[in-house]
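Structure first, commentary second.
Predicted, not measured: the structure shown is a model, and the values here were computed from it. We use all heavy atoms of the structure for the numbers below, so side chains are in, but hydrogens, waters and symmetry mates are not. All chains are named by letter (A, B, ...) in the order of the sequence lines, taking the proteins before the strands, and each is independently numbered beginning at 1.
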Amino acid sequence: MPVSVFYDASTRTVLAELSGDIDHCTARGLRTPVDEEILKHLPLRLILDFEKVGFMDSSGIGLIIGRYKLMNDLGGSIIAVNPSPEVRKVMDLAGVGRLCSIIYQKHRSFVGGIKL
Amino acid sequence: MKESSLNEMTVQFPSLSENERFARLAVSGFISSLDPALDELSEIKTAVSEAVTNCIVHAYRDTVGIISMQVRILEGMRVYIRIRDKGCGIPDVAQARTPLFTTAPDEERAGLGFAIMESFTDRLRVTSREGKGTTVTMLRTLRTRKPADGEV
Ligand SMILES: Nc1ncnc2c1ncn2[C@@H]1O[C@H](COP(=O)(O)OP(=O)(O)OP(=O)(O)O)[C@@H](O)[C@H]1O
Ligand SMILES: [Mg+2]
């Protein structure tokens, strides 16, 4: 599975753990389950976890911007977590930091999730 | 006159999206004899992915056509990559290369492909003719590394 999605009701947060390569070929398969979970729970926050992403090109930027717009429409926000230096370079080139915070987090405090 | 290569390969493949990954792996495999650093390799793969994806998404929109990719290793740790399609072509290349310009905003395209190719290579050339196709060439010089560099 290239993406695992979790919902934490107490923080109204959807966490999406992405994995593998993010390119035009894989973007749709990553997007659909994330959007389904968002539309089901209408969360306040979406966390995109890039820890297990080995490669990302501009299709990943499109994916982030698209989710940013969706969460923005719902009055929520997004956070990008743990991108590798290579993925981070593409994010920085695209100015992703202007849409969301990019943070590095080692410890997880709820099952499958990240508590901030 | 064409500069002679130390090594060179040309592959052709249909514009199927699973070939984006193939193209990245083919290039990184081919240039592995130069022992590129991790960051260089990842930048080259990203630039290749952008050029190939453009052929699939734009040049051969709604059809499948042939993408040709040539990789040449030149004297002085230089890598030359040429990616060519015979698709729809680009009416205004200067405009297409402008960051954030895209003709497919509703497909979650960011308009950053050319900007990424440009910043991850030393030279990017785009030539195109409407109805005939597009050729993208990229040149990237790798750092020469001493064996004591630490990386294996
Ligand atoms: N090989 C090609 N054939 C035809 N048109 C192309 C080709 N490559 C690029 N274009 C045109 O140039 C525009 C800009 O390309 P660029 O790669 O910078 O952005 P994009 O593909 O639209 O978005 P992104 O790459 O961020 O997903 C495209 O929207 C398209 O109109
Ligand atoms: Mg593109």
Side-chain angles (χ1 to χ4, degrees), chain A residues 2-3 16 18-36 38-39 46 48 50-73 78 80 83-100, chain B residues 13-25 27-28 36-61 64 67 83 96-97 99-121 151:
Chain A
V3 57
L18 308 163
S19 62
D21 289 5
I22 306 182
D23 61 12
H24 158 253
C25 185
T26 61
R28 183 193 300 270
L30 297 171
R31 177 170 69 218
T32 309
V34 175
D35 285 2
E36 279 170 6
I38 291 172
L39 295 173
L46 169 68
L48 294 172
F50 288 87
E51 173 148 21
K52 297 191 189 112
V53 174
F55 174 86
M56 184 178 91
D57 65 15
S58 67
S59 297
I61 300 301
L63 184 82
I64 297 170
I65 295 173
R67 306 296 71 64
Y68 166 79
K69 285 183 180 159
L70 179 58
M71 287 304 295
N72 204 44
D73 288 347
I78 73 170
S84 71
E86 290 75 34
V87 170
R88 178 65 192 257
K89 203 179 288 173
V90 176
M91 287 181 174
D92 288 346
L93 238 166
V96 165
R98 287 196 296 269
L99 305 182
C100 66
Chain B
F13 48 87
S15 59
L16 306 172
S17 65
E18 55 260 46
N19 284 332
E20 292 154 13
R21 180 179 164 80
F22 162 73
R24 296 195 292 271
L25 295 179
V27 171
S28 78
L38 208 62
D39 61 325
E40 295 173 319
L41 193 59
S42 129
E43 291 182 7
I44 290 171
K45 282 165 76 175
T46 311
V48 165
S49 198
E50 296 299 344
V52 169
T53 301
N54 280 350
C55 301
I56 295 167
V57 174
H58 304 296
Y60 297 121
R61 167 172 298 272
V64 175
I67 299 168
I83 290 162
R97 289 180 65 157
L100 305 180
F101 176 84
T102 179
T103 49
D106 44 332
E107 293 162 31
E108 300 203 336
R109 307 245 64 90
L112 288 171
F114 282 131
I116 288 174
M117 289 181 246
E118 202 160 307
S119 65
F120 285 175
T121 60
E151 277 175 71

Q. How would you list, in number order, the residues of residues 90-99 of chain A that have a heavy atom less than 4.5 Å from chain B?
A.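 Under the 4.5 Å heavy-atom cut-off, Val90(A), Leu93(A), Ala94(A) qualify.
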Contact part of Arg28(A) toward chain B, heavy-atom cut-off under 4.5 Å: side chain, backbone, both or neither?
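Neither part.
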What is the distance from atom [atom1] of [X] to atom [atom2] of [Y], rounded to the nearest 0.5 Å?
X: Ser59(A); Y: Glu107(B); atom1: OG; atom2: CD; answer: 10.5 Å
X: Asp21(A); Y: Leu25(B); atom1: CG; atom2: CG; answer: 7.5 Å
X: Lys89(A); Y: Asp39(B); atom1: NZ; atom2: CG; answer: 4.5 Å
X: His24(A); Y: Glu18(B); atom1: NE2; atom2: CD; answer: 10.5 Å
X: Glu86(A); Y: Leu38(B); atom1: CD; atom2: CG; answer: 5.0 Å

| query | Quick check: are there more than 12 heavy atoms from other residues, nucleotides or ligands sitting under 6.0 Å from CZ of Arg21(B)? | reply |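 Result for CZ/Arg21(B): open.
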Exercise. So, the side chain of Glu20(B) versus the backbone of Cys25(A): is there a donor-acceptor pair under 3.5 Å, distance only?
Worked result: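 It does hold such a pair.
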Can you tell which part of [X] gets under 4.5 Å to a heavy atom of chain A, answering side chain, backbone, both or neither?
X: Arg24(B); result: side chain
X: Leu100(B); result: neither
X: Ser119(B); result: side chain
X: Ser49(B); result: both

Between Arg31(A) and Glu108(B) (salt bridge meaning N to carboxylate O under 4.0 Å), is one present in this structure?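 Salt bridge flag = yes for Glu108(B) with Arg31(A).
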